[in-house]
Amino acid sequence: MPFDLRRRLGVAAGMLIAMAIPAAADGCARITHDGQGYVVCEVTDQSRLRLWQDDAEGAPLRNFSNVRKTLGAGERLSFAMNAGMFHADYDPVGLLVIDGQERAPIVTGGGGGNFGMLPNGVFCTDGPTPFAVIESRAFAADPPQCRLATQSGPMLVIDGQLHPRFLVESDSRYVRNGVGVSADGTTAYFAISDHPVTFHEFGRLFRDGLGTPQALYFDGSISRLYAPGVNRNDFGRSLGPIIGMVEGG
């Protein structure tokens with residue numbers, strides 16, 4: 001799978017002076033931005049991206065080991081991460097579309113918690129472009145036909161601007177993960193912090209480090225990554241929706 005983070009992140013040297021990109025493995029690389037460490041996984045082939053929720057019997061998969069058990073002969077999971085917020089029964093809080101089938105409806109109202117910190121958004125594949133992050137109310141007003149879609153919130157970057165409620169001086173720090181999409185919609189960047197970061201720091205990774213005009217928060221504190229190429233197989237609390245890249249088959 002092509003991986004050109006080093007080239008993309010070397011374009012604006014003034015912004016990226018702190019960025020250090022080692023060799024990538026399976027599309028994922030360890031980087032630093034503004035003194036914080038992250039793993040970023042780049043995807044350019046949307047056909048290899050999958051979204052999981054339940055097993056064949058309808059039970060929540062909940063972890064990466066169970067996801068790997070669903071793979072076919074010759075297939076392997078190159079990376080995976082949690083992909084949106086979920087209820088106590090592991091069902092998604094917002095929209096979930098798997099292989100074109102809606103599993104949970106879109107939610108457009110605000111409310112408490114990070115999901116309700118409007119604007120929130122939807123990550124979509126095989127819609128208007130190979131990848132897209134679309135504000136939830138705009139999505140609901142004119143829903144594209146996505147092969148995969150997951151809703152979460154808040155948006156991290158909106159038309160090149162950080163979410164207006166992010167504070168530079170915030171003391172709310174968690175390990176956070178999310179996804180950003182390139183301006184032409186041909187590349188998705190899945191990222192997770194190595195250590196607790198603020199929303200403002202995490203948003204700047206996508207806006208300034210990765211140059212994505214739209215980016216979406218997946219979750220914090222429970223954020224997990226499976227990426228054997230960079231020796232990551234996180235464990236902890238069970239997960240709801242999980243997104244990942246499958247090779248082979």
Side-chain angles (χ1 to χ4, degrees), residues 1-5 7-8 11 27 40-53 78-85 92-110 114-164 177-191 202-203 205-219 240-246:
M1 176 173 56
F3 188 86
D4 61 353
L5 266 177
R7 175 179 60 80
R8 292 177 183 272
V11 172
V40 178
C41 300
E42 178 183 321
V43 179
T44 56
D45 182 358
Q46 74 273 21
S47 70
R48 291 291 183 177
L49 202 63
R50 294 189 192 172
L51 189 55
W52 297 271
Q53 172 66 27
S78 60
F79 84 86
M81 65 169 51
N82 54 299
M85 297 169 191
V93 172
L95 178 72
L96 187 71
V97 175
I98 298 178
D99 294 331
Q101 300 298 310
E102 184 177 297
R103 302 286 300 276
I106 194 162
V107 176
T108 57
N114 292 327
F115 185 92
M117 191 190 303
L118 301 182
N120 56 24
V122 176
F123 172 71
C124 164
T125 74
D126 301 275
T129 54
F131 306 100
V133 169
I134 305 168
E135 189 272 328
S136 293
R137 293 181 179 180
F139 187 102
D142 186 18
Q145 296 299 309
C146 305
R147 180 177 66 88
L148 307 175
T150 182
Q151 182 184 11
S152 192
M155 293 274 285
L156 295 166
V157 186
I158 310 148
D159 298 330
Q161 302 298 316
L162 296 185
H163 193 290
N177 73 304
V179 61
V181 173
S182 62
D184 62 3
T186 62
T187 305
Y189 299 100
F190 297 86
F202 197 43
L205 167 72
F206 286 99
R207 183 193 66 180
D208 303 336
L210 298 170
T212 61
Q214 318 291 336
L216 180 65
Y217 180 63
F218 278 155
D219 217 330
I242 296 171
I243 199 164
M245 188 77 168
V246 174

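Sequence positions, counted from 1, serve as the residue numbers for this chain.
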For [X] and [Y], which heavy atoms make the closest approach, and how far apart are they?
| X | Y | value |
| --- | --- | --- |
| Ser182 | Thr212 | N-CG2, 4.3 Å |
| Pro241 | Pro92 | CG-CB, 3.9 Å |
| Ala140 | Thr108 | CB-CG2, 3.7 Å |
| Val122 | Ala149 | CG1-CB, 4.0 Å |
| Trp52 | Ile243 | CZ3-C, 3.9 Å |
| Asn120 | Phe115 | ND2-O, 2.7 Å |

Sequence neighbours excluded - ring-ring contact (aromatic ring centres under 6.0 Å, His included) pairs with any residue from residues 141-164 = His163-Phe166

inquiry  = Run the ring-ring contact (aromatic ring centres under 6.0 Å, His included) test against Phe139 and tell me which residues pass, sequence neighbours left out.
reply    = none

task = Under the ring-ring contact (aromatic ring centres under 6.0 Å, His included) rule, collect the residues that match up with Tyr217, sequence neighbours excluded.
result = Phe199

Between atom [atom1] of [X] and atom [atom2] of [Y], what is the distance when rounded to the nearest 0.5 Å?
| X | Y | atom1 | atom2 | value |
| --- | --- | --- | --- | --- |
| Asn114 | Ser152 | CG | OG | 8.5 Å |
| Asp184 | Thr129 | CG | OG1 | 8.0 Å |
| Leu96 | Cys146 | CG | SG | 11.0 Å |
| Arg50 | Leu148 | CZ | CG | 10.0 Å |

I want to check something: taking the side chain as every heavy atom from C-beta on, are [X] and [Y] in contact at a cut-off of under 4.5 Å?
| X | Y | value |
| --- | --- | --- |
| Leu162 | Arg207 | yes |
| Thr186 | Thr44 | no |
| Cys124 | Val133 | no |
| Thr187 | Val43 | no |
| Phe218 | Val179 | yes |

ask   = Yes or no on side chain to side chain contact (heavy atoms under 4.5 Å, CB included) for Leu205 and Leu210, after CA distance, side-chain angles and deciding distance?
value = CA-CA 6 Å; Leu205 167 72; Leu210 298 170; 4.3 Å; yes

remark   = side chain to side chain donor-acceptor pair (under 3.5 Å) pairs touching residues 93-102, sequence neighbours excluded, are none

Determine whether a donor-acceptor pair (N or O, by modelled atom type, separation under 3.5 Å) exists between the side chain of [X] and the backbone of [Y].
| X | Y | result |
| --- | --- | --- |
| Arg147 | Gln46 | yes |
| Gln151 | Gly94 | no |
| Ser78 | Met245 | yes |
| Ser136 | Gly121 | yes |
| Thr125 | Phe131 | no |

Residues that Gln214 engages under side chain to side chain donor-acceptor pair (under 3.5 Å), provided they are two or more places apart = Asp159

task = Before giving the answer on side-chain hydrogen bond (donor to acceptor under 3.5 Å, both in side chains), spell out for Asp219 and Asn177 the whole-Å C-alpha distance, their side-chain angles and the decisive distance to 0.1 Å.
result = CA-CA 6 Å; Asp219 217 330; Asn177 73 304; over 6 Å; no

task = Assess the pair Phe190 and Phe79: is the distance between their ring centroids shorter than 6.0 Å?
result = yes

note = So salt bridge (charged side-chain N to carboxylate O under 4.0 Å, His left out) across residues 134-144, not counting sequence neighbours, yields none

key: Test side chain to side chain contact (heavy atoms under 4.5 Å, CB included) applied to Val181 and Tyr189, step by step   = CA-CA 6 Å; Val181 173; Tyr189 299 100; over 6 Å; no

